[in-house]
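This report refers to the structure that appears directly beneath it.
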Amino acid sequence: MHDTVAETVRVEGARILATLIRTIGDVQIAEDAVQEAALAALGAWPVTGVPPQPRAWLTVTARRKAIDILRREQARRGKEEEGTRMIELARADLPPDEVVHDDLLRLIFTCCHPALSPPTQVALALRTLCGLSPTQIAGLLLSTEAATEKRLTRARQKIAAAHIPYRVPAPSELPARLPAVCGVIHSLYTSGHATYDVDACREAVRLAELLHALLPGQPAPAAVLALLLLTEARRPARLDASGAVVTLDCQDRTRWDAAAIARGIALLNASLEASQRCADPYQLQAAIAAEHARAASYDGTDWPEILRLYDLLMSVAPNPAAGLARAVAAAEASGPAAGLALLADLPPDPRWHAVRADLLARAGRHAEAVEALTSSLAGTVTDVERRHREQRLAELRGMA
């Protein structure tokens, strides 16, 4: 029951937070109120059961907590404007879904204000939108938990001190924020995809849909949505009935979502037509995903074309994840030695060791593969991936 309650609170929390920020205009107070409401739910629901409308319960509770916080602030500071906010919070009605969705989009743009540095934009959005902990955010940003906490505190203070508005910016302001907004949505999906978090992936797709609807003629939002749809289309085949990982070469492609693939390819084509070029990282990643989606089988995949696209991606937006995928593509196109040569230029981490183990095994170097896969278990690995690698490790030990 506790896990069910925690998951419900996590999924609904961002939407409630977004609406509270619109009402209160203070990120920190809204976060504190939602946190108190979440703690109340974790205490009450295991006893009473999850209510029929959990978002409504959490919204009402968060409003009451916010009123309590504002009363304390009013008594301490003598701020009369808190009274107006409390009147708004005391209303009995709940915002309709379409208003909540708009609030989330406003929250993304607030987090991505150009007055904040790019890493701070992403950190704040991952904290407020995704509910990730400072520890998780630090891992994604290759930082420390203490530095991330300071970054988040400074961001909230800057939003309050500079009176950064909680709204979707005017058309003239969009270009400065659009890259960060796209980056936040993509980061949310990537985090969910890596941890097999279905709700995070769906939320990222929904936010990408909202952004594309807001800017239907812009190539970047279309490319991001295309990438997410093409990747999400393969999700039903990533795990088997027992929850074990199914690698791409073994996936049942009849389980892939054909409608999502068709729409993703159409969006990619529209994005390319709008930009008249293919040098945007999201377009390139979507083009790679489209190549996988078009292939009727793993053996029928056009690996040389995928390798060419990864070469382009590494030239415009080099990063370790793309580098690892490029090494895999090189191995498929030209043999494991080609992939191992590319891996040598990348920084080691658990995923790097896992990829290297696979390529070493394909080259017949099973003892080295066992060593590499053992190293891949030393870092932070999801439970699903850990079970998959441990099973593969047992197989490799039998071959060594």
Side-chain angles (χ1 to χ4, degrees), residues 1-11 126 130-133 135-142 185-206 227-257 260 285 288-289 292-293 298 319-325 327-328 343 346 348-362 369-398:
M1 168 62 79
H2 185 276
D3 289 344
T4 301
V5 171
E7 183 64 13
T8 302
V9 169
R10 188 188 66 79
V11 171
L126 290 175
C130 317
L132 298 188
S133 69
T135 301
Q136 292 171 309
I137 296 168
L140 288 171
L141 297 181
L142 304 179
I185 294 174
H186 181 247
S187 294
L188 171 57
Y189 186 86
T190 300
S191 174
H193 185 76
T195 57
Y196 300 88
D197 187 335
V198 175
D199 290 318
C201 289
R202 287 175 176 166
E203 182 69 2
V205 172
R206 193 182 64 75
L227 171 60
L228 268 55
L229 288 173
L230 288 165
T231 307
E232 186 72 356
R234 304 199 302 265
R235 180 177 53 78
R238 292 183 72 210
L239 300 175
D240 66 15
S242 68
V245 172
V246 181
T247 54
L248 184 60
D249 57 318
C250 296
Q251 287 181 11
D252 179 1
R253 299 191 177 213
T254 64
R255 298 186 65 197
W256 290 4
D257 188 335
Q285 291 176 83
I288 292 166
H292 285 296
Y298 190 80
N319 67 85
L324 284 176
V328 172
L343 278 184
L346 298 174
D349 65 9
R351 177 64 178 154
W352 183 90
H353 287 293
V355 171
R356 184 168 178 270
D358 181 62
L359 298 184
L360 288 168
R362 289 175 57 185
V370 167
E371 183 180 351
L373 198 54
T374 301
S375 297
S376 80
L377 296 170
T380 302
V381 183
T382 65
D383 291 340
V384 174
E385 281 293 337
R386 183 173 295 278
R387 288 194 298 270
H388 172 68
R389 293 181 193 178
E390 288 174 345
Q391 180 180 355
R392 178 60 177 156
L393 186 58
E395 296 171 357
L396 289 174
R397 283 175 173 152

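Sequence positions, counted from 1, serve as the residue numbers for this chain.
Legend: residues meeting salt bridge (Lys or Arg N to Asp or Glu O under 4.0 Å) with Arg389, ordered by chain and number and at least two apart, are Glu385. Residues satisfying the salt bridge (Lys or Arg N to Asp or Glu O under 4.0 Å) criterion with Arg234, sequence neighbours excluded, are absent altogether. Take Glu232 and apply the side-chain hydrogen bond (donor to acceptor under 3.5 Å, both in side chains) test, not counting sequence neighbours, and it matches Tyr189, Arg235. In this structure Glu203 satisfies the salt bridge (Lys or Arg N to Asp or Glu O under 4.0 Å) test together with Arg15, Arg206, sequence neighbours excluded. Partners of Gln251 according to the side-chain hydrogen bond (donor to acceptor under 3.5 Å, both in side chains) rule, which considers only residues two or more places apart in sequence or in another chain, are Trp256. Residues that satisfy the side chain to side chain contact (heavy atoms under 4.5 Å, CB included) test with Leu393, not counting sequence neighbours, are Val370, Leu373, Thr374, Leu377, Arg397. By the side-chain hydrogen bond (donor to acceptor under 3.5 Å, both in side chains) test, Asp240 is found to be paired with Ser242, residues two or more places apart in sequence or in another chain being considered. Looking at residues two or more places apart in sequence or on another chain, you find a side chain to side chain contact (heavy atoms under 4.5 Å, CB included) between Asp257 and Ala233, Ala259, Ala260. For Glu371, there are no salt bridge (Lys or Arg N to Asp or Glu O under 4.0 Å) partners, not counting sequence neighbours. For Asp383, the side-chain hydrogen bond (donor to acceptor under 3.5 Å, both in side chains) criterion is met by no residue, not counting sequence neighbours. Pro236 is linked by a side chain to side chain contact (heavy atoms under 4.5 Å, CB included) to Arg255, counting only residues two or more places apart in sequence or in another chain.
Between the CG atom in Leu188 and the SG atom in Cys201 there is a gap of 7.5 Å [rounded to 0.5 Å]. For the atom pair Ile185 CD1 and Leu227 CG, the distance stands at 11.5 Å (nearest 0.5 Å). Once rounded to the nearest 0.5 Å, the distance linking NE2 of His353 with OG of Ser375 reads 5.0 Å.
Legend: salt bridge (charged side-chain N to carboxylate O under 4.0 Å, His left out) pairs involving residues 186-195, not counting sequence neighbours: none detected.
Ala237 and Val246 make their closest contact through O-CB, 3.5 Å (heavy atoms, listed as atom of the first residue, atom of the second, distance). Ala289 and Thr231 make their closest contact through CB-OG1, 4.5 Å (heavy atoms, listed as atom of the first residue, atom of the second, distance).
Trp352 contributes no side-chain N or O that, together with a main-chain N or O of Leu324, makes up a donor-acceptor pair within less than 3.5 Å. Within the 3.5 Å criterion, the main-chain N or O of His186 finds a donor-acceptor partner in the side chain of Thr190.
A 6.0 Å sphere centred on CZ of Arg351 holds no more than 12 heavy atoms belonging to other residues, nucleotides or ligands.
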